[in-house]
Protein chains: 2
Amino acid sequence: MGKKEIVRMTHQRKIILEELRSVTSHPTADDIYAMVKRRLPKISLGTIYRNLETLSVLGLVQKLEVGGTQKRFDGDISNHYHIRCTHCGTVEDIFTEPIASIEDLFKKVDKYKVTGYRLELFGVCPQCEQ
Amino acid sequence: MGKKEIVRMTHQRKIILEELRSVTSHPTADDIYAMVKRRLPKISLGTIYRNLETLSVLGLVQKLEVGGTQKRFDGDISNHYHIRCTHCGTVEDIFTEPIASIEDLFKKVDKYKVTGYRLELFGVCPQCEQ
DNA sequence: ATGGGTGCAAATCTTTTGCATCGAG
DNA sequence: CTCGATGCAAAAGATTTGCACCCAT
């Protein structure tokens, strides 16, 4: 993933991207491995990780560093917020306009060159709520 | 960490808490291990992890599930925001009043029982900025 | 004296990486 | 053809856990 290599659109890479774009959930690398394996039974987990990294560097997918032990990935590259169920780990999108007062915070930390932010709500999802 | 056990304030636990409260940084378990080891050379990393979990369940410390590969801990249990340097991993506090429009979001996700949220800015710190 | 806590080491889980081979451009 | 990508397996990094002994209550 260095500077000026040519990125090849391999069969594996294309299918990983397709699968990730086909869901609105926010799967872990392992989830994606299972999804892709249905179509490419011989694919290895290492290839999944390498491609998710490549695709997120290219900006074609989002690597979500939400809480929990595993990273999650999102085929929707728009900037949006998430809510995570602290019971089952599910991550869902929150559909709303960006909150301007958060961007105002950028000024308060002017020692830093701010490049972005993450807002994540925690809660208990309807399924776990019984 | 079950339901009704009596929690003992052991020497190790007390010193871990003291050390964590003595800094404003947001150390990883490993950092805390090094700090505590200066006072208790025989302490084990397992004890550090077990106590940080216990203390955070008790609400005496905060487990910060910020991005990056390691979890970080905060002896300041007030709700505040953080900024993380994407280059060196340092996490600093942002001193500001809570942003009301974030709490307004809670209503938009009324299917969930919202219990809290996290706001984390990313950027490059002054030290890394050269 | 009890049963939660500790130190130690092994185990687990997630992610990364070395290497021989493959295949996209 | 070339060199980036893959599959496989081993390695690495972070955290958890089993167990015998210890000590706070």
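Proteins come first, then strands; the chains are lettered A, B, ... in the order of their sequence lines, and each starts at number 1. What's counted below: heavy atoms across the whole structure, side chains too, no hydrogens, waters or symmetry copies.
- Applying the side-chain hydrogen bond (donor to acceptor under 3.5 Å, both in side chains) criterion to A:K14, with sequence neighbours excluded, gives no partner residue.
- Rounded to whole Å, atom C1' of D:dG4 lies 16 Å from atom NZ of A:K14.
- A:D93 and A:H26 are linked by a side-chain donor-acceptor pair at a separation below 3.5 angstrom, with hydrogens and angles left out of the test.
- Interface limits on DNA chain C: the 5'-most and 3'-most nucleotides within less than 4.0 Å of chain A heavy atoms are C:dT14 to C:dG25.
- For B:E53 and D:dT16, the CD to P distance is 7 Å, given to the nearest whole Å.
- In this structure, the side-chain hydrogen bond (donor to acceptor under 3.5 Å, both in side chains) partners of A:T47, at least two apart in sequence or on a different chain, are A:S44.
- With sequence neighbours excluded, the residues that form a side-chain hydrogen bond (donor to acceptor under 3.5 Å, both in side chains) with A:K107 are A:D104.
- For A:R13, the side-chain hydrogen bond (donor to acceptor under 3.5 Å, both in side chains) partners at least two apart in sequence or on another chain are A:N51.
- Each of B:R13 and B:K42 lies near DNA chain C, and the nucleotide nearest B:R13 is the one positioned closer to the 5' end.
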**OP:** Scan nucleotides 17-25 of chain D nucleotide by nucleotide, 5' to 3', and note B when protein non-hydrogen atoms come under 4.0 Å of the base, S if they reach only the sugar-phosphate, - if neither.
**Re:** BB----BBS
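- Hydrophobic cluster membership for B:I77: none, as no Ile, Leu, Val, Met, Phe, Trp or Tyr side chain comes under 4.5 Å of it.
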Original post:
Stepwise, does the salt bridge (Lys or Arg N to Asp or Glu O under 4.0 Å) test hold for B:R84 with B:E92?
Top reply: CA-CA 6 Å; B:R84 179 164 59 92; B:E92 288 189 55; over 6 Å; no
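- A:D76 and A:S78 share a donor-acceptor pair across their side chains, judged by distance under 3.5 Å alone.
- If you chain together ILVMFWY residues whose side-chain heavy atoms come under 4.5 Å of each other, A:M9 ends up in a group of its own.
- At a threshold of 4.0 Å, the pair B:R72-B:E65 does not count as salt-bridged, since none of the basic side-chain nitrogens sits closer than that to a carboxylate oxygen.
- Within residues 16-39 of chain B, no residue has any heavy atom closer than 4.0 Å to DNA chain D.
- In the hydrophobic clustering, B:V66 connects to B:L64, B:V91, either directly or through intervening members, whenever side-chain heavy atoms lie under 4.5 Å apart.
- For B:H80, the ring pair (Phe, Tyr, Trp, His ring centres under 6.0 Å) partners are B:H82, not counting sequence neighbours.
- Toward the 5′ end of DNA chain D lies the nearest nucleotide of A:S44, the other residue of the pair A:T69 and A:S44 mapping further downstream.
- B:L45 has its CG atom 9 Å from the P atom of D:dT15, to the nearest Å.
- Using a cut-off of 4.0 Å between Lys/Arg side-chain N and Asp/Glu carboxylate O, B:E129 and A:K111 are scored as not salt-bridged.
- One axis for each end of the helix from C:dA1-D:dT25 to C:dG25-D:dC1, each built from five base pairs, and the angle between them comes to 40° at 10° resolution.
- Atom CD1 in A:I48 sits about 9 Å away from atom P in D:dT6, given to the nearest Å.
- At the heavy-atom level, A:I43 lies under 4.0 Å from the strands shown only through sugar-phosphate atoms.
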